[in-house]
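Throughout, a chain's letter reflects where its sequence line sits, starting with A, and its residues are numbered from 1. Values reported hereafter were calculated over all heavy atoms of this structure, with side chains retained and with hydrogens, waters and symmetry mates removed.
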Protein chains: 2
Amino acid sequence: MELSDEKKQLIEEVGIHLEERANLSPLASRIYALLILSSYDGMSFEKIVNTMQASKSSVSSNINVLLQLHFIEYYTKPGDRKRYFRTSDFYLKNTMEQQAHSLEKALRIVQKVNHFNADHNPEKFKKERSMGSLYESHLNEQIERINHTLTEIEKLKQ
Amino acid sequence: MELSDEKKQLIEEVGIHLEERANLSPLASRIYALLILSSYDGMSFEKIVNTMQASKSSVSSNINVLLQLHFIEYYTKPGDRKRYFRTSDFYLKNTMEQQAHSLEKALRIVQKVNHFNADHNPEKFKKERSMGSLYESHLNEQIERINHTLTEIEKLKQ
DNA sequence: TAGTTAGTTCGTTTCATATCGAACTAATCA
DNA sequence: TGATTAGTTCGATATGAAACGAACTAACTA
């Protein structure tokens with residue numbers, strides 16, 4: 001029931017990272033980190049409550065968020081009412097898809113900004129155009145790379 | 001003094017994007033968006049206060065944050081006490097440097113997680129290794145790309 | 001020197017969001 | 001059927017951050 005110090009600290013570190021990158025609440029981040037660092041068998045709701053020292057209600061709502069985002073999944077054992085949670089099979093794929101969306105959104109914004117400045121602040125646009133287009137093509141490249149990797153992951157799945 | 005509806009809406013859109021991506025407060029994000037979408041001459045403190053309909057104190061502290069992060073800079077005109085703020089010359093470069101750091105951090109975390117699971121959850125590690133290594137090399141590639149673009153920007157500066 | 005102006009400081013207020021706990025539901029068990 | 005258990009719901013509390021406003025400083029100006 002007690003975690004090693006090494007694991008505790010790693011949960012904290014990964015948790016903070018997830019908070020920042022995935023916009024999850026602190027507890028959701030810690031739970032997700034815990035499951036990332038645990039065996040593929042997963043953990044029961046109760047065990048998560050005890051390990052995290054958090055209330056049942058907090059764990060319940062945060063687990064539901066993680067389920068909705070498809071970051072985790074659950075399974076049941078015959079003759080056992082409990083649900084067992086684990087990281088979803090392809091959570092790295094989800095992470096990358098989110099990154100792709102975020103980059104695409106960034107690209108759309110940059111394009112809008114450049115367009116607006118070309119129309120309304122021509123002097124500024126001229127000054128920044130070369131860097132702006134460099135940035136645009138950089139974003140395009142990154143999106144391409146990510147999609148490429150996603151198709152490779154798709155192959156792995158089969 | 002009044003902004004066009006088009007500009008207002010774009011400030012909102014870019015502002016929300018900056019809030020999410022750059023971890024800036026709402027007002028800091030809006031001020032930064034305003035300056036991104038304004039002429040290279042920049043805007044005085046007073047004009048920013050009026051345009052944003054925010055208090056002097058809020059504008060003051062948020063501008064100082066943006067200055068510290070080198071997202072914006074200011075200049076003065078001889079015989080004019082006011083300070084004029086504009087986006088810093090190479091703010092896109094700063095953006096990319098931040099992205100590079102964030103990717104490097106992500107890579108270090110993923111490596112730590114993989115290492116931990118290899119030691120403590122061998123079954124899970126085996127199951128996820130191929131995807132994990134694919135992800136690792138993907139992150140490496142992205143970091144490489146970003147550094148490459150940064151050196152190209154460096155060339156532009158000269 | 002007295003008045004004005006640009007911008008800052010700092011204590012207070014407002015607001016959002018995370019977590020909690022007690023009461024509840026629905027399924028299982030004896 | 002009555003008791004137990006797994007998990008949810010929902011109103012209350014706590015915490016932290018953002019924005020505010022009044023008072024202040026420091027520089028200029030008449």
| query | Is there a donor and acceptor pair closer than 3.5 Å between the side chain of B/R81 and the base of C/dA6? | reply |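 Counting by modelled atom types and ignoring angles, no donor-acceptor contact under 3.5 Å is found here.
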Legend entry - Nucleotide C/dA6, atom P - distance to NZ of B/K82 in whole Å: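 Roughly 5 Å, once rounded to whole Å.
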Review point. Rounded to whole angstrom units, what separation is found between the CG atom of B/N64 and the P atom of C/dC10?
Key: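 That distance rounds to 13 Å.
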| said: Can you confirm whether or not the ring centre of B/Y74 sits under 6.0 Å from the ring centre of B/Y84? | reply: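 No: the rings miss the under 6.0 Å criterion.
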| Does B/K127 make a cation-pi contact with A/Y40 (under 6.0 Å, within 45 degrees of the axis)? |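 Yes, B/K127 lies over the aromatic ring of A/Y40.
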(Q) Could you work out, with side-chain contact (heavy atoms from CB on, under 4.5 Å) as the rule, every residue matching B/E128, not counting sequence neighbours? (A)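 side-chain contact (heavy atoms from CB on, under 4.5 Å) list for B/E128, sorted by chain: A/T87, A/Y91, B/K124.
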For atom [atom1] of [X], decide whether the heavy atoms of other residues, nucleotides or ligands shown that lie under 6.0 angstrom number more than 12.
| X | atom1 | result |
| --- | --- | --- |
| B/Q9 | CD | no |
| A/K112 | NZ | no |
| A/E123 | CD | no |

Under a 4.0 Å heavy-atom criterion, the protein footprint on nucleotides 15-22 of chain C, written with B, S and -, is ---SSBB-
Non-hydrogen atoms of B/Y75 and B/G42 that approach each other most closely: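 So the two residues come closest at OH-N, 4.4 Å.
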inquiry  = On a heavy-atom basis, which atom in A/K82 and which in A/S44 lie closest, and how many Å separate them?
reply    =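 In terms of heavy atoms, the two residues are closest at CD-CB, 4.0 Å.
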| Terminal contacting nucleotides, 5' and 3', DNA chain D versus chain B (heavy atom, 4.0 Å) |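 Contact boundaries, 5' end first: D/dA18 to D/dC28.
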